[in-house]
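One structure below.
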Amino acid sequence: MHLAALELAGFKSFAKKTRLTFEPGITCVVGPNGSGKSGAADGIRWVLGEQSLKSIRAKHSEDVIFQGSRSRPRLGMAEVALTLADAEASGLDTPELVITRSIDRSGLSQYLVNGRPVRLHDLAELLARVGFAQKSYTVIPQGMID
């Protein structure tokens with residue numbers, strides 16, 4: 001099983017829906033300051049159930065929702081979807097696993113697995129069962145490469 005795609009909409013600096021596609025093997029996301037590299041990494045952590053706002057560089061839960069700019073108004077919700085391909089190799093009955101997390105400005109948050117609502121506990125249990133739990137991947141933050 002591998003990370004196949006990440007879709008961000010209204011999450012941090014991603015005002016419009018943005019889809020990043022990843023091929024099997026090593027992937028490196030490179031770009032200038034302010035291009036969303038750290039925001040994409042935060043999106044991966046967030047959709048997989050990260051509960052520490054500090055870990056995703058936020059102080060309040062609504063900080064993950066696009067705050068607006070000169071040319072765009074602030075948005076009412078944020079959504080991140082992560083697609084894991086080759087899920088049947090991990091014993092699941094589906095070729096891919098799509099995990100989605102959304103939040104609105106009222107604080108209402110929801111997790112979905114392949115379009116079906118789940119509790120965070122159920123998501124964590126599923127990820128652990130397929131070997132994709134928090135201890136099985138590493139996100140290397142900016143400044144830690146050295």
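All values derive from a computational prediction rather than experimental measurement. For the single chain, residues carry numbers from 1 onward in sequence order.
Cluster annotation: F14 and M77 are assigned to distinct hydrophobic clusters (Ile/Leu/Val/Met/Phe/Trp/Tyr, side-chain heavy-atom contacts under 4.5 Å, transitive).
In this structure D86 satisfies the side chain to side chain donor-acceptor pair (under 3.5 Å) test together with H2, sequence neighbours excluded.
Contact between G31 and K37 at its shortest, heavy atoms only, is O-NZ, 2.8 Å. Here the shortest heavy-atom pairing between T100 and A81 reads OG1-CB, 3.7 Å.
L112 is not listed as a side-chain neighbour of V118, based on a closest heavy-atom distance of 4.5 Å or more. R74 is listed as a side-chain neighbour of R105, based on a closest heavy-atom distance under 4.5 Å. L53 is not listed as a side-chain neighbour of D63, based on a closest heavy-atom distance of 4.5 Å or more. Annotation: side chain of W46 is in contact with side chain of V64 (closest heavy-atom distance under 4.5 Å). Contact annotation: the side chain of L126 approaches that of L92 to within less than 4.5 Å [non-hydrogen atoms, C-beta and beyond]. Residues T94 and E88 have side chains not in contact (no heavy-atom distance under 4.5 Å, counting atoms from C-beta outward). In this structure the side chain of V29 reaches within 4.5 angstrom of the side chain of F22, judged on heavy atoms. Counting only heavy atoms from C-beta outward, the side chains of I103 and L108 never approach each other to under 4.5 Å.
For the atom pair CD1 of I65 and CG of L75, the computed distance is 8.5 Å after rounding to the nearest 0.5 Å. To the nearest 0.5 Å, atoms CG (L8) and CZ (F66) are separated by 13.0 Å.
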Checking side-chain contact (heavy atoms from CB on, under 4.5 Å) for the pair E96/L84: CA distance, chi angles, key distance, verdict? CA-CA 6 Å; E96 65 181 24; L84 298 171; over 6 Å; no
Intermediate values then yes/no, side-chain contact (heavy atoms from CB on, under 4.5 Å), I44 and L3: CA-CA 10 Å; I44 292 170; L3 174 61; 4.1 Å; yes
D42 and K12: CA distance, side-chain angles, deciding distance, side-chain contact (heavy atoms from CB on, under 4.5 Å) verdict: CA-CA 9 Å; D42 290 346; K12 292 197 165 196; 2.6 Å; yes
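At least one donor-acceptor pair under 3.5 Å links the side chain of N114 to the backbone N or O of V98. With hydrogens and angles ignored, the 3.5 Å screen pairs no side-chain donor or acceptor of S102 with any backbone N or O of A78. No donor-acceptor pair closer than 3.5 Å links the side chain of D122 to the backbone N or O of E125.
We find that R101 and E79 are not joined by a salt bridge, their nearest charged nitrogen and carboxylate oxygen being 4.0 Å or further apart. Between R19 and E7 a salt bridge is recorded (basic side-chain N to carboxylate O distance below 4.0 Å).
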